[in-house]
Protein chains: 2
Amino acid sequence: MDEIVIHTLDWVPELPRGYVRDLRVRWALEEAGLPYRVESTPLRQKTEEHFAHQPFGQVPWLTHGDMTIFESGAILHYLGTRSEALMPADPSQRAQVTQWLFAALNSVEMPVVPWTLFRFANEEPDSQGWRQLNGFLHGRLKHMDTVLAKTEWLVGDFSVADIAMSDVLRLVDRFEELAAYPKCRAYVARATARPAFRKAHADQLAHFAAADG
Amino acid sequence: MDEIVIHTLDWVPELPRGYVRDLRVRWALEEAGLPYRVESTPLRQKTEEHFAHQPFGQVPWLTHGDMTIFESGAILHYLGTRSEALMPADPSQRAQVTQWLFAALNSVEMPVVPWTLFRFANEEPDSQGWRQLNGFLHGRLKHMDTVLAKTEWLVGDFSVADIAMSDVLRLVDRFEELAAYPKCRAYVARATARPAFRKAHADQLAHFAAADG
């Protein structure tokens with residue numbers, strides 16, 4: 001079988017540790033029980049090889065034999081087509097997983113990441129743009145709370161859609177901003193209690209700590 | 001053959017016309033030459049049926065026989081599996097289209113939409129969060145300009161990835177912010193010159209204008 005390799009940064013500062021997106025890929029591979037290896041690429045002097053595999057200079061990217069693929073969402077989808085532990089084989093259920101994968105990354109993460117830029121800077125500027133961004137996020141959380149009141153996992157018994165969605169909500173939870181959304185908070189707790197998440201998370205922390213030298 | 005129906009709003013104000021995301025789906029169906037119909041759902045009094053099909057109360061969603069699917073990215077992917085005019089059948093090329101579809105919506109559109117909230121409000125607040133958001137967008141545009149210097153379309157001879165990416169960049173172009181990124185601008189011009197885009201765009205404008213009464 002062709003070897004699966006996750007490519008991530010060699011080192012990051014404390015702040016993003018535990019949140020770098022290779023976590024999503026580690027988590028999926030742990031859920032699926034597929035063997036993999038992790039390789040590092042330098043943060044400080046990004047290489048041409050890095051941009052050849054990931055044109056934005058981000059991580060992760062995945063190699064699987066001759067195949068190379070970037071974007072955590074696309075990697076999760078790709079792995080989903082290789083393990084029913086990650087995505088059911090039924091075409092209609094697959095379309096539902098794909099739908100929720102895009103929803104996590106395009107409807108929910110879209111406001112989350114820009115919102116964290118303001119929150120990490122400890123800012124709530126007197127600005128219509130900021131108020132709209134904050135409202136955008138809370139609208140999404142409100143609707144996700146309704147969805148998660150009715151179901152334990154987004155599709156079936158767990159899928160890559162749950163990896164993406166819970167990881168996105170986890171970043172909001174970091175700022176205690178899920179307090180008003182108990183179903184979202186319980187979902188994050190349920191997802192991060194899974195052994196595959198715990199292993200992936202511990203492995204990422206260990207990976208970056210090993211480079212502290 | 002099961003009927004394909006795009007569900008969109010009955011009416012929107014002038015500002016978003018020509019940019020509502022049903023455009024992406026109309027465009028894909030026109031490229032593929034697949035027959036479809038458009039149905040309206042009310043903007044002002046959103047229905048339970050709307051939330052049952054699209055839990056965030058957004059549009060579009062697609063129905064195809066018994067299948068119902070939301071998220072423009074997921075719909076584009078779904079249609080791609082039904083027409084080689086939208087996505088090659090080769091699994092490796094499919095993974096590349098999926099990758100660029102996620103890149104358009106999660107790496108590029110992620111800063112674009114929040115950035116437009118500030119620009120529509122005509123604001124550039126004295127804020128670290130805003131400066132980081134603006135830098136986030138321009139970093140993505142810079143790297144996309146490098147990518148688009150080397151290729152006419154992202155994968156093969158055109159795919160749903162180009163529909164998503166060019167539509168995202170089109171929103172930046174609306175603010176003349178592609179001036180420093182000539183390859184991005186030329187790509188948007190190339191994509192929007194396609195007959196399928198022109199028809200989809202004209203049809204969306206006509207759809208909302210018809211409701212002005």
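Lettering of chains follows the sequences in order, A, B, ..., and the numbering in each one begins at 1. Reckoned from all heavy atoms, side chains included, excluding hydrogens, waters and symmetry mates.
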Quick one: salt bridge (Lys or Arg N to Asp or Glu O under 4.0 Å) pairs with a partner in residues 50-61 of chain B, sequence neighbours left out?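 For residues 50-61 of chain B: none.
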Counting heavy-atom pairs under 4.5 Å to chain B, which of Leu105(A), Leu101(A), Val112(A) comes out on top?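 Heavy-atom pairs under 4.5 Å are most numerous for Leu105(A).
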Pick one of side chain, backbone, both or neither for Phe70(B), based on which atoms fall under 4.5 Å of a heavy atom in chain A.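 For Phe70(B), the contact with chain A is made by backbone and side chain together.
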Segment of Pro55(B) engaging chain A (4.5 angstrom heavy-atom cut-off):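 Contact with chain A involves both backbone and side-chain atoms of Pro55(B).
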Centroid separation Phe51(B) to Phe56(B) less than 6.0 Å: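 Here the rings of Phe56(B) and Phe51(B) have centres that are no less than 6.0 Å from each other.
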[X] vs [Y] side-chain heavy atoms within contact, under 4.5 Å:
X: Ile75(B); Y: Leu79(B); value: yes
X: Val5(B); Y: Val38(B); value: no
X: Leu133(B); Y: Pro111(B); value: yes

Heavy-atom closest pair, residues Ala161(A) and Leu154(A):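 Here Ala161(A) and Leu154(A) meet closest at O-CD1, 3.9 Å.
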Step through the atoms of chain A and chain B and list each donor-acceptor pair whose separation is under 3.5 Å.
residue, atom, partner, partner atom, Å
Arg21(A), NH1, Asn106(B), OD1, 3.1
Pro55(A), O, His143(B), ND1, 3.4
Thr68(A), O, Gln96(B), NE2, 3.2
Phe70(A), N, Gln99(B), OE1, 3.0
Glu71(A), OE2, Ser107(B), OG, 2.5
Gln96(A), NE2, Thr68(B), O, 3.2
Gln99(A), OE1, Phe70(B), N, 3.0
Leu105(A), O, Asn106(B), ND2, 2.8
Asn106(A), OD1, Arg21(B), NH1, 3.1
Asn106(A), ND2, Leu105(B), O, 2.8
Asn106(A), ND2, Glu109(B), OE1, 3.0
Ser107(A), OG, Glu71(B), OE2, 2.5
Glu109(A), OE1, Asn106(B), ND2, 3.1
Glu123(A), OE1, Ser127(B), OG, 3.0
Glu123(A), OE1, Gln128(B), N, 3.2
Glu123(A), OE1, Gly129(B), N, 2.8
Glu123(A), OE2, Gln128(B), N, 2.8
Ser127(A), OG, Glu123(B), OE1, 3.0
Gln128(A), N, Glu123(B), OE1, 3.2
Gln128(A), N, Glu123(B), OE2, 2.8
Gly129(A), N, Glu123(B), OE1, 2.8
His143(A), ND1, Pro55(B), O, 3.4

Looking at CD1 of Ile4(A) and CG of Leu34(A), how far apart are the two atoms once the value is rounded to the nearest 0.5 Å?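 Nearest 0.5 Å value for the CD1-CG distance: 5.0 Å.
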